[in-house]
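What follows is one structure encoded as structure tokens, with my remarks underneath.
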Amino acid sequence: MAHFFPRHTVAWKVVHEPSGWRRLSLSLAAMAGITGVVLRLYRAFVLGSGAPESFGLAIAAFALGVVVLCGMATLHLGNYTVRHWWWRAPLFVLVEVAAEMVTSAALLALGDEYRGSASATWHDWPAMALTALRWRFLVVCSFVLILGGVVQLVRYVLIKREHRESTAAAVRHSAEQETI
């Protein structure tokens with residue numbers, strides 16, 4: 001039987017300390033906060049530079065925002081099992097929108113926040129927060145449901161291709177190979 005708790009600490013090989021980027025991606029607050037600030041500043045830049053000249057540019061600007069949002073959520077959620085995504089994804093959205101609204105408040109104070117093509121006021125802020133929350137929740141949770149389905153499908157296909165019953169069988173086989 002393998003010794004999981006060695007009697008002396010010198011028996012441990014090397015304690016693996018994750019890199020800075022990895023530690024950042026493990027933190028829900030950091031990833032969601034950065035995402036919120038970046039998305040609100042990006043939105044202010046796009047709307048502040050004037051309306052996109054064509055419908056295609058407007059769609060491309062929107063799509064880039066969605067890619068950043070889903071990408072950052074994926075970078076964070078990829079560190080955890082699918083089983084934990086059901087609570088991490090909505091919490092990611094809440095923290096992201098909170099950071100976005102703090103950034104929005106700062107932009108409002110500077111007079112650089114927009115609601116559509118017009119400058120936003122403090123009276124617009126609650127409606128902008130609810131709109132952001134609704135859309136971010138819809139986008140992230142839909143994306144996470146699709147991503148979770150794809151992950152489970154790929155796992156199922158790989159398990160069947162390797163002719164085993166579960167991932168536990170592969171772990172057990174790998175542990176047996178190491179002891180030989």
Side-chain angles (χ1 to χ4, degrees), residues 16-155:
H16 177 64
E17 181 69 28
S19 67
W21 291 112
R22 173 99 166 117
R23 277 194 311 262
L24 181 70
S25 73
L26 288 168
S27 170
L28 186 139
M31 291 298 283
I34 290 169
T35 304
V37 171
V38 167
L39 285 179
R40 186 51 67 160
L41 292 176
Y42 172 70
R43 179 184 178 277
F45 173 75
V46 168
L47 294 176
S49 63
E53 303 189 4
S54 71
F55 184 70
L57 286 176
I59 295 296
F62 175 77
L64 181 60
V66 170
V67 167
V68 168
L69 177 64
C70 292
M72 293 293 274
T74 302
L75 284 173
H76 172 68
L77 294 173
N79 294 308
Y80 302 96
T81 60
V82 176
R83 178 174 303 155
H84 293 271
W85 291 5
W86 72 268
W87 66 269
R88 285 190 173 275
L91 188 58
F92 183 91
V93 170
L94 288 174
V95 174
E96 187 272 335
V97 170
E100 198 171 334
M101 289 301 103
V102 168
T103 307
S104 176
L107 289 171
L108 273 170
L110 295 172
D112 289 334
E113 181 68 293
Y114 295 92
R115 182 155 190 182
S117 59
S119 291
T121 64
W122 286 104
H123 296 290
D124 298 327
W125 191 80
M128 290 188 324
L130 289 175
T131 301
L133 181 63
R134 183 176 344 127
W135 282 107
R136 301 305 185 265
F137 187 81
L138 179 70
V139 168
V140 169
C141 290
S142 299
F143 176 73
V144 167
L145 282 173
I146 293 168
L147 183 62
V150 168
V151 166
Q152 293 300 91
L153 178 66
V154 168
R155 278 191 188 146

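Atom set for the values below is all heavy atoms of this structure, side chains included, hydrogens, waters and symmetry mates excluded. The model shown is predicted, which means the values in this text are computed figures rather than measured ones.
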- Query: How long is the span from the CZ atom in Arg40 to the CE atom in Met101, to the nearest 0.5 Å?
  - Reply: 3.5 Å

- Message: Between Tyr42 (side chain only) and Ala61 (backbone N and O only), is there a donor and an acceptor less than 3.5 Å apart?
- Response: yes

- Pairwise side-chain contact, Phe143 with Thr74, heavy-atom cut-off 4.5 Å (strictly under): yes

- Query: If you round to the nearest 0.5 Å, how far is CG of Asn79 from OG of Ser25?
  - Reply: 4.0 Å

- Item | Gap between atom CG of Leu75 and atom CZ of Arg22 - 0.5 Å precision | 11.0 Å

- Distance-only, no hydrogens or angles: does the Thr131 side chain make a donor-acceptor pair with backbone N or O of Ala127 under 3.5 Å? yes

- Query: Is a side-chain N or O of Tyr114 found less than 3.5 angstrom from the main chain of Phe45, in a donor-acceptor match?
  - Reply: no

- Task: Would you mind reporting whether Trp85 and Val151 have side-chain heavy atoms less than 4.5 Å apart?
- Result: yes

- Query: Atom CZ of Arg88 and atom NE2 of His76: how far apart are they, to the nearest 0.5 Å?
  - Reply: 4.0 Å

- Are Trp87 and His84 close enough that some pair of their side-chain heavy atoms sits under 4.5 Å apart? yes

- Does any non-hydrogen side-chain atom of Leu147 lie less than 4.5 Å from one of Leu77? no

- Query: Do we see a donor-acceptor contact under 3.5 Å between the side chains of Glu96 and Thr35?
  - Reply: no

- Side-chain heavy-atom pair Tyr80, Leu26 within 4.5 angstrom cut-off: yes

- Query: Between atom CG of Leu69 and atom CD of Glu100, what is the distance when rounded to the nearest 0.5 Å?
  - Reply: 8.5 Å

- Task: May I ask you to test the Arg136-Leu39 pair for a side-chain heavy-atom distance under 4.5 Å?
- Result: yes

- Query: Do side-chain atoms of Trp125 reach the backbone of Ala120 as a donor and acceptor pair under 3.5 angstrom?
  - Reply: no

- Item | Within 6.0 angstrom of Trp122 CH2, more than 12 heavy atoms from elsewhere | yes

